[in-house]
Amino acid sequence: MALCITNTMSGKKEPFVPLTPGTVNMYVCGVTVYDQCHIGHARALLTFDVIHRYLRFLGFDCRFVRNFTDVDDKIINRANEEGIAPEALAQRYINEFHRDAAALGLAEPTVEPRATEHIDGMIALIAALVERGHAYAVAGDVYFAVESFPEYGRLSSRSLDEMTAGARVEVDDRKRHPMDFALWKAGREGEPFWDSPWGRGRPGWHIECSVMSTRYLGQPFDIHGGGQDLVFPHHENEIAQSECGTGKPFARYWIHNGFVQLAKEKMSKSVGNILSIKEVLERFDPVALRLYMLTTHYRNPIEFSEEGLTEAQRTVARLYETASRAERLIGPSPDGAAESGPMDDFRGEMDDDFNTPRALAVVFEELRAVNRLLDEGHTRALDGRRNGLRAMTEALGLMQAPPERFLEERRRSGLARLDLSEDEIRRMIEERNAARRVKDWGQADGIRDALKEKGVLLRDGPSGTTWELAE
RNA sequence: GGCGGCGUACCCAAGUGGUUAAGGGAGAGGUCUGCAAAACCUCCAUGCGGCGGUUCGAAUCCGCCCGCCGCCUCCA
């Protein structure tokens, strides 16, 4: 089965055929850098990280561009409030973004362009639009004339009439049509500006993505992605600008991820229910967050759930413990050949519009199979299955560190939150094992309970007693 | 008002016309263990918001109703 993708443009699942065999060009709208990223951003980031990883897993040479929008009204307003330069504010949040991205374990994009580095390209595209009669200048502003593009509204499947009827559209006499949008904004005092044929000013919101995507990927390119909320107006406007400016089609497959909800509600500033990535990662493992996100299909809404994250945390430990057990028994061989049956199943599910919930079902079945073989000490059969499990979890970005190192790190960071040292735990385990040797079960169980009270769980195995932290 | 999505077991969540409705968690029983824990094994929805309809056959298609959510304004 070949890869199929639900294309927002058609609303249907379509076989994915890249423009150039073996290569995928993908652009994903990044963030406007004026504030901390929240878990809604995390979902979009993780969704496209998994898509990116999976495309590479399939062997595609995947060129992945994710931008920063670093000139915008919100940035200017926020910078003014803080009394600092917009550039400084943007840089601060670009730095913050990079920290979050690293914490989330995102694979690096091929290019990470900034809007302010592409002003020339934007001016050129706007000039082309004016020349072709798709845009008009009014007192230093330049607007896109939506009526000049019959296809306008196709992505979001609505017509200009539907958009205007009863919609909350601001009245602006300078616009020819209420839905016309700004390509270029005349500069005001105290704002960043660039010289242009229409005077000093700055770009409108959508033009930067039209320019940066095609600058690095050509036009048309294969995949354009982003959050569901960008379908209209952002992506609709990008299409209008790019197709009218060049006369060529823009992006071929449109992918949009669903929202993160908080208490059944969309997370938004106005509701005041924002949860930053940082806050969440202070309490939950990034891999657990990733796993949790993947348990719901990327197009569906997902509820932020403490219970769900805690459960995911447990599952991540299970995954790494099994991988670690296997390494101890048969050694590491992450590049070894994988058992083909389960891998085919996994690919079949992922090929079906990146159906991660089903792909995870395969992962869990393999996890059980590997544990069974481990229990039986069946080393010969183990190798292929273990390699397969490893390959699947790596393709999803769930396994990014050697298992033992991950578990060690997890213990260390968890321990930092308890008033207990590793030595102390070892000492108590020693004490308990001494009691066990003389069959003083009361004393042994007492020590175990005391540790459990502190959040340390003991496990007696044939090769001694190990411990782990409760979630 | 216009456009779109969702409602599946105690919880999360796939499945969108056809043998037994994935998977995870919880729960029950079992193997192992001094007892636990972990791991493994077994069980756990004749039913998929409700009511009609189409069909040999529907969670899956159609209609109506109920409930929830998103977009139409900055938003991942």
Side-chain angles (χ1 to χ4, degrees), chain A residues 8 11 13 28-32 34-35 37-48 72-74 77 153 156-159 161-170 179 205 225-234 236 256-261 264-270 274 277 291-292 294-303 305 307-312 314-315 317-318 321-322 325 345 349 352 355-365 367-376 436 439-442 444-445 448-449 452 457-462 465-468 470:
Chain A
T8 308
K13 234 181 253 184
V28 173
C29 287
V31 295
T32 300
Y34 73 105
D35 204 347
C37 286
H38 52 69
I39 49 170
H41 295 109
R43 186 181 195 190
L45 261 8
L46 288 168
T47 294
F48 289 101
D72 169 88
D73 288 350
K74 291 189 293 296
N77 293 340
S156 49
S157 58
R158 61 190 101 189
S159 67
D161 289 347
E162 283 167 359
M163 289 183 225
T164 2
R168 296 159 278 180
V169 179
E170 85 249 39
M179 295 308 293
W205 173 32
Q228 215 164 50
D229 52 333
L230 297 181
V231 174
F232 188 89
H234 187 54
E236 199 72 74
H256 293 98
N257 67 272
F259 279 106
V260 176
Q261 305 192 329
K264 286 273 179 192
E265 236 176 349
K266 173 189 168 178
M267 199 173 53
S268 82
K269 305 252 155 159
S270 47
I274 300 287
I277 292 175
L291 178 70
Y292 177 68
L294 297 186
T295 57
T296 297
H297 185 93
Y298 75 86
R299 276 180 291 122
N300 295 336
I302 188 170
E303 181 77 14
S305 151
E307 300 73 35
L309 258 339
T310 305
E311 185 184 318
R314 235 344 282 157
T315 306
R318 233 181 116 207
E321 269 160 20
T322 296
R325 251 180 100 190
D345 291 345
E349 304 299 0
D352 184 12
N355 194 330
T356 54
R358 281 198 87 93
L360 283 174
V362 178
V363 168
F364 289 128
E365 272 160 12
L367 183 64
R368 238 181 323 122
V370 168
N371 274 323
R372 194 186 316 126
L373 294 169
L374 242 17
D375 281 356
E376 291 165 359
R436 290 174 71 209
K439 297 197 193 306
D440 184 352
W441 308 125
D445 292 353
R448 185 169 60 196
D449 290 345
K452 189 178 178 185
L457 305 177
L458 296 190
R459 230 178 259 172
D460 297 322
T465 301
T466 57
W467 61 273
E468 69 156 349

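All values reported here derive from a predicted model rather than from experimental measurement. So you know, we letter chains A, B, ... as the sequences are listed, proteins then strands, and number each from 1. Hydrogens, waters and symmetry mates play no part in the numbers below; they use all other heavy atoms, side chains included.
- In this structure, E365(A) reaches the sugar-phosphate backbone alone: every heavy-atom distance under 4.0 Å involves primed, P, OP1 or OP2 atoms, never a base.
- Residues Q261(A) and I302(A) each lie close to RNA chain B; by heavy-atom proximity, the contact nearer the 5' end of the strand is made by I302(A).
- Checking N371(A) against R325(A) by side-chain atom types alone, a donor-acceptor pair falls below 3.5 Å.
- With RNA chain B read from its 5' end, the first of the two nearest nucleotides for K13(A) and A44(A) is the one closest to K13(A).
- Counting non-hydrogen atoms under 4.0 angstrom, K74(A) reaches the backbone sugars and phosphates but no base.
- Stacking between W441(A) and the base of rG34(B) is present: ring centres sit under 5.5 Å apart and the planes differ by under 30 degrees.
- Here the CZ-CG distance, from R448(A) to D445(A), works out to 4.5 Å after rounding to the nearest 0.5 Å.
- Checking rU60(B) for Watson-Crick or G-U wobble geometry (two distances, each under 3.5 Å) identifies no partner in any strand.
- Put simply, the side chain of D352(A) does not reach to within 4.5 Å of the side chain of R358(A), judged on heavy atoms.
- Across all strands, H297(A) comes closer than 4.0 Å only to sugar-phosphate atoms, never to a base (heavy-atom distances).
- Residue contacts shown for G227(A) are limited to sugar-phosphate atoms, with no base heavy atom under 4.0 Å away.
- Taking side-chain N and O atoms only, N355(A) has a distance below 4.0 Å to OP1 or OP2 of rG15(B).
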B/S/- contact track for nucleotides 35-41 of chain B, protein heavy atom under 4.0 Å = BBBSBSS
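- Listed nucleotides rA76(B), rG25(B), rG34(B) differ in distance to E311(A); the shortest reach to its side chain belongs to rG25(B).
- Rounded to whole Å, the separation between the P atoms of rA21(B) and rA45(B) comes to 10 Å.
- The side-chain heavy atoms of N77(A) and Y34(A), taken from C-beta on, include no pair separated by under 4.5 Å.
- Among the protein residues, F232(A) comes within range of the sugar-phosphate backbone only, with heavy atoms under 4.0 Å from sugar or phosphate atoms but none that close to a base.
- Here the side chain of A361(A) is nearest to one of rC74(B), rG70(B), rG23(B), namely rG23(B).
- Within 4.0 Å (heavy atoms only), G308(A) reaches no atom of the nucleic acid at all.
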